[in-house]
Number of protein chains: 2
Amino acid sequence: METGYRGIPIPTIKRLPSYLRLLQGYREQGMEMVSATTLAEELGLKPIQVRKDISCTGIEGKPKVGFVVVNLIEAIIHTLGWDNATDAIVVGAGHLGSALARYEGFERYGLKIVAAFDVDPNKWDTWLGDVPVFPLSKVKEYIDRNHVNIGVLAVPADQAQETSELLVECGLLAIWNFAPKDLRLPDHVVVQRTDLATSFAVLSAKVRQKMNKKELSSEVDDW
Amino acid sequence: METGYRGIPIPTIKRLPSYLRLLQGYREQGMEMVSATTLAEELGLKPIQVRKDISCTGIEGKPKVGFVVVNLIEAIIHTLGWDNATDAIVVGAGHLGSALARYEGFERYGLKIVAAFDVDPNKWDTWLGDVPVFPLSKVKEYIDRNHVNIGVLAVPADQAQETSELLVECGLLAIWNFAPKDLRLPDHVVVQRTDLATSFAVLSAKVRQKMNKKELSSEVDDW
DNA sequence: TAGATTGTTAATCGATTAACAATC
DNA sequence: TAGATTGTTAATCGATTAACAATC
């Protein structure tokens with residue numbers, strides 16, 4: 001069966017948060033209108049791309065003047081689904097998990113970390129900022145009682161697969177995986193990696209390419 | 001002037017670390033050969049894509065049997081430039097910066113965090129694992145004396161731009177930016193973002209798309 | 001040999017970019 | 001008005017995927 005609807009392209013989705021941050025800054029400065037040209041220049045993109053991206057949010061602009069800042073902000077937040085706060089748990093309260101649990105910026109994305117879980121008894125009943133740490137064995141009970149949709153996975157690589165399976169059994173719909181491990185999970189589960197290795201690989205490659213180009217001659221970018 | 005050489009596609013670069021992790025596991029298990037088909041199945045990719053990716057590393061396989069595991073490992077490490085260790089500093093020793101400084105997995109990528117810097121005097125002369133924390137005011141001196149190429153930026157968003165400019169003035173070639181802020185830096189500097197907002201945006205979008213599909217095709221969920 | 005897998009060449013797909021008419 | 005900016009339609013570009021001959 002064909003739905004035909006493809007949704008907003010992922011590359012566009014990835015740029016929306018950048019627009020949003022910029023626009024929120026503009027709003028604080030009291031700016032009411034902004035052109036795609038300005039946004040593009042600020043972010044090192046091409047105006048045409050910014051216009052295409054904006055069109056995905058459903059907002060229309062006025063020729064010569066541009067777009068209404070607050071409308072754009074609202075539309076982007078809505079497009080990203082960040083207007084409905086989602087509760088999440090952090091699983092694995094090591095260094096990275098702790099940092100994530102304490103990170104205050106998530107609120108801006110409509111993401112609320114409500115609890116953390118770990119297998120280490122020394123961590124039980126401590127707090128990471130406002131976030132309580134519980135035994136991992138209690139995670140099912142917690143998820144059942146509270147409305148948790150997302151699991152932020154920050155366990156060691158060798159425990160990532162089994163822990164993620166546990167979370168799926170508990171009914172979580174989406175897993176944000178910070179462990180350096182590719183997970184094999186059922187199709188109905190959304191998995192998003194934030195893989196330091198991948199990110200560093202791209203960094204390494206860019207450095208290499210830049211050095212090669214310098215050797216050869218000059219310029220050109222991508223990312 | 002045309003160089004013609006475009007380098008390895010970024011999407012391929014991003015998949016190489018996944019292959020590498022898998023292959024290193026195979027090596028530990030004593031496997032000597034592996035087919036693209038197997039790798040693909042394990043990672044949820046198509047065999048043809050894996051073959052294309054592998055061809056970028058310059059390794060050739062044998063029909064019917066596949067590729068020599070250790071050759072592949074070596075070639076991927078070399079392609080990523082992970083065989084030459086690079087020294088890096090972490091700038092910003094808050095929760096995230098501390099976690100990054102303490103993260104032991106970087107060694108596998110040929111990345112070595114040699115020092116951290118912060119403006120907060122309470123953090124000076126403490127240690128994050130094996131990594132000493134110094135005053136940010138000493139960063140230029142440190143970079144000049146030691147061979148540091150990469151800066152890992154983990155400061156608050158409102159300090160990211162100026163701090164990154166400082167690092168560029170100190171001569172760093174590349175900045176790995178964990179701050180939720182888009183940096184404007186000279187073209188000769190390589191910037192790689194690891195932006196939680198972007199990553200979460202993709203997660204949010206995938207969840208939405210999945211829910212839309214479910215609505216269209218049949219069942220209705222609520223959450 | 002037969003069959004699985006490789007590597008290459010061509011087709012497809014999707015995103016970016018260009019061109020340009022519409023408009024305030 | 002004149003000129004900058006928008007939105008749309010078409011062209012380009014690059015990555016993925018398909019097709020298939022080569023090969024162990």
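Letters A, B, ... are given to chains in the order of the sequence lines, protein chains preceding strands, and every chain is numbered from 1. Both backbone and side-chain heavy atoms feed into the values below; hydrogens, waters and symmetry mates do not.
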Short N-O contact, B/Asp53 and B/Arg15, less than 4.0 angstrom: yes
Under the side-chain hydrogen bond (donor to acceptor under 3.5 Å, both in side chains) test, which residues partner A/Glu41, sequence neighbours left out?
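Checked A/Glu41 against side-chain hydrogen bond (donor to acceptor under 3.5 Å, both in side chains); zero matches.
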Per nearest nucleotide of DNA chain C, the residue lying toward the 5' end, A/Arg15 or B/Gly66, is B/Gly66
* Asked: In Watson-Crick or G-U wobble terms, both distances under 3.5 Å, what is the partner of D/dT6?
  ->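 By the stated definition (distances under 3.5 Å), C/dA21 pairs with D/dT6.
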Q) In Watson-Crick or G-U wobble terms, both distances under 3.5 Å, what is the partner of D/dA15? A)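 Result: C/dT12.
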Roughly how many Å is it from [atom1] in [X] to [atom2] in [N], rounded to a whole number?
X: A/Ile13; N: C/dT16; atom1: CD1; atom2: P; answer: 12 Å
X: A/Glu60; N: D/dT5; atom1: CD; atom2: P; answer: 18 Å
X: B/Ile8; N: D/dG14; atom1: CD1; atom2: C1'; answer: 15 Å
X: A/Leu45; N: C/dT16; atom1: CG; atom2: P; answer: 10 Å
X: A/Leu16; N: C/dA15; atom1: CG; atom2: P; answer: 13 Å
X: B/Ile10; N: C/dG14; atom1: CD1; atom2: C1'; answer: 18 Å
X: A/Gln49; N: D/dT8; atom1: CD; atom2: P; answer: 17 Å

Is any side-chain heavy atom of B/Gln161 closer than 4.5 Å to one of B/Arg184?
yes
>> Distance check, rounded to the nearest 0.5 Å: B/Thr198 atom OG1 versus B/Arg193 atom CZ?
In response: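 Separation between the atoms: 4.0 Å.
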is_close_aromatic(A/Trp176, A/Tyr109), centroid dist under 6.0 Å | no
>> Run B/Thr194 and A/Ser199 through side chain to side chain donor-acceptor pair (under 3.5 Å) and show every step you take.
In response: CA-CA 7 Å; B/Thr194 293; A/Ser199 199; 2.6 Å; yes
Expected string for nucleotides 18-24 of chain C under the B/S/- scheme (protein heavy atoms, under 4.0 Å, primed atoms plus P, OP1, OP2 as sugar-phosphate) is BB---BB
message = Could you go through B/Asp195 and A/Arg21, starting from their C-alpha distance and side-chain angles, then the distance that decides it, and tell me whether this counts as salt bridge (Lys or Arg N to Asp or Glu O under 4.0 Å)?
response = CA-CA 12 Å; B/Asp195 184 356; A/Arg21 283 196 288 250; 2.7 Å; yes
Against the side chain of A/Ser35, the closest entry in D/dT16, C/dT6, D/dT6 is D/dT6
